[in-house]
Number of protein chains: 2
Amino acid sequence: MDKKEIAFKILSENGLKYTEPRKILIEFLSEDENKHLTPEEIYDKLNPDYPNLGIATVYRNLQNFENLGIVQRLNLGDGVSRFELAELVEDVHQHHHLVCINCDKLIEVKGDLLGELEEKIENLYDFKIIDHDLKFYGYCGECEEKKDR
Amino acid sequence: MDKKEIAFKILSENGLKYTEPRKILIEFLSEDENKHLTPEEIYDKLNPDYPNLGIATVYRNLQNFENLGIVQRLNLGDGVSRFELAELVEDVHQHHHLVCINCDKLIEVKGDLLGELEEKIENLYDFKIIDHDLKFYGYCGECEEKKDR
DNA sequence: TTCCTTGCAAACTTTTTGCAGCCTT
DNA sequence: AAGGCTGCAAAAAGTTTGCAAGGAA
């Protein structure tokens, strides 16, 4: 069972209907991993093939998907939400992002790097950690090179 | 020299004029640490005392201050920017935030917890890290307690 | 048949911008 | 005096909502 199928299963388990727009969106997101597109970008890319898909439907379903944990919303601080299909398999491995402050490239860091840190913080601050959000800002290899010249 | 004075020094060093709105804003932010207010909240709080301060001026100057490193913009994922006076002293110590997903309380974690992790990532991903953004989401002590009952 | 879902358009919210006049330098 | 800065209002950008028609269960 791949991600797409898991996603549809989650939808039906939660009483959400299997509609054309949802099919299109999940299909698109699963083909399009690591792109971290905004709702508008998703809408624009789908529009040629599905001209009567409305942008409100894109927003509404991304919101639905987020509520169900099917997608993850990224906030890179540029005033827009970006979405990616969430890890839906058993061994959920967290990942983090490197954002290039010169060319805006987005690089993924695989692996949960914060396990022991979270334990420390939970004890120190009396806080039960459920999730985290970690982003590094800096220069990617290419941009760093250009800077030196 | 306290934060406020350092902030004004940075302004003048960068050719920004010493105007009434900037004075009001920096004064307010330095009195109001750890509040993490939105531009609108800042505007509303200042409005009774300074009724002709415009909200555009608040936005413009928060942006200016951010560019100069005087304030830090927080993005908690609720669709608004929040601001706090940055650490302006020599030994800049990073801090991170714990966000309670039940009551929205914001707790600060002092200390830069990511030093060695950053080194690893820089080598592994050929990426020069300049800054990072780390937030933990979970339940604060109070809300965790309430959940059990 | 029921009622969830959609597309469209309008509304809302947050942030940015244009402009004429004012104020710091 | 010069040019940056302000307040106001309008515009822009991103997102949400109301509603009637359509489609899945």
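Given the structure is predicted, the values throughout are model-derived calculations rather than measurements. First the proteins, then the strands, lettered A, B, ... as listed; each starts at 1. Just the heavy atoms: all of them, side chains too, but no hydrogens, waters or symmetry mates, feed the values below.
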Any side-chain N or O of [X] under 4.0 Å from OP1/OP2 of [N]?
{"X": "B/Thr19", "N": "D/dT6", "value": "yes"}
{"X": "A/Tyr59", "N": "D/dT15", "value": "yes"}
{"X": "A/Asn64", "N": "C/dT5", "value": "no"}
{"X": "A/Thr57", "N": "C/dG7", "value": "yes"}

Mind checking if [X] touches a base, just sugar-phosphate, or nothing, with heavy atoms under 4.0 Å?
{"X": "B/Ile55", "result": "nothing"}
{"X": "B/Tyr18", "result": "sugar-phosphate"}
{"X": "B/Arg22", "result": "sugar-phosphate"}
{"X": "B/Glu20", "result": "nothing"}
{"X": "A/Thr38", "result": "nothing"}

Listed nucleotide nearest any side-chain atom of [X], set [options]:
{"X": "A/Lys17", "options": "D/dT6, C/dT6, C/dC4", "answer": "C/dC4"}
{"X": "B/Pro39", "options": "D/dT15, D/dG7, C/dT15", "answer": "C/dT15"}
{"X": "B/Asn61", "options": "D/dG23, D/dT15, D/dT6", "answer": "D/dT6"}
{"X": "B/Pro21", "options": "C/dG7, D/dG7, C/dT15", "answer": "D/dG7"}

Looking only at side-chain N and O atoms, does A/Arg73 offer a donor or acceptor that is under 3.5 Å from a partner on A/Ser81?
yes
To the nearest angstrom, how far is [X] atom [atom1] from [N] atom [atom2]?
{"X": "B/Leu62", "N": "D/dC5", "atom1": "CG", "atom2": "P", "value": "15 Å"}
{"X": "A/Asp44", "N": "D/dA13", "atom1": "CG", "atom2": "C1'", "value": "14 Å"}
{"X": "B/Asp78", "N": "C/dT14", "atom1": "CG", "atom2": "P", "value": "9 Å"}
{"X": "A/Asn14", "N": "C/dC4", "atom1": "CG", "atom2": "C1'", "value": "14 Å"}
{"X": "A/Tyr43", "N": "D/dA13", "atom1": "OH", "atom2": "C1'", "value": "16 Å"}
{"X": "A/Leu37", "N": "D/dT15", "atom1": "CG", "atom2": "P", "value": "13 Å"}
{"X": "B/Glu41", "N": "C/dT15", "atom1": "CD", "atom2": "C1'", "value": "15 Å"}
{"X": "A/Phe83", "N": "D/dG14", "atom1": "CZ", "atom2": "C1'", "value": "11 Å"}

Between B/Arg60 and B/Val80, which is nearer to the 5' end of DNA chain C once each is assigned its nearest nucleotide?
B/Val80
For DNA chain C, whose closest nucleotide is more 5', that of B/Arg73 or that of A/Ala56?
A/Ala56
Expected output: side-chain B/Ser30 to main-chain B/Ile26 donor-acceptor under 3.5 Å:
yes
Salt bridge present between B/Asp78 and B/Arg82 (N-O < 4.0 angstrom)
yes
Below 4.0 angstrom, N of the basic side chain to O of the carboxylate: do A/Lys9 and A/Glu13 qualify?
yes
How about B/Glu119: does its CD atom have over 12 heavy atoms from other parts shown lying under 6.0 Å from it?
no
The single option from A/Ile10, A/Asn64, A/Leu29 passing side-chain contact (heavy atoms from CB on, under 4.5 Å) against A/Ile70:
A/Ile10
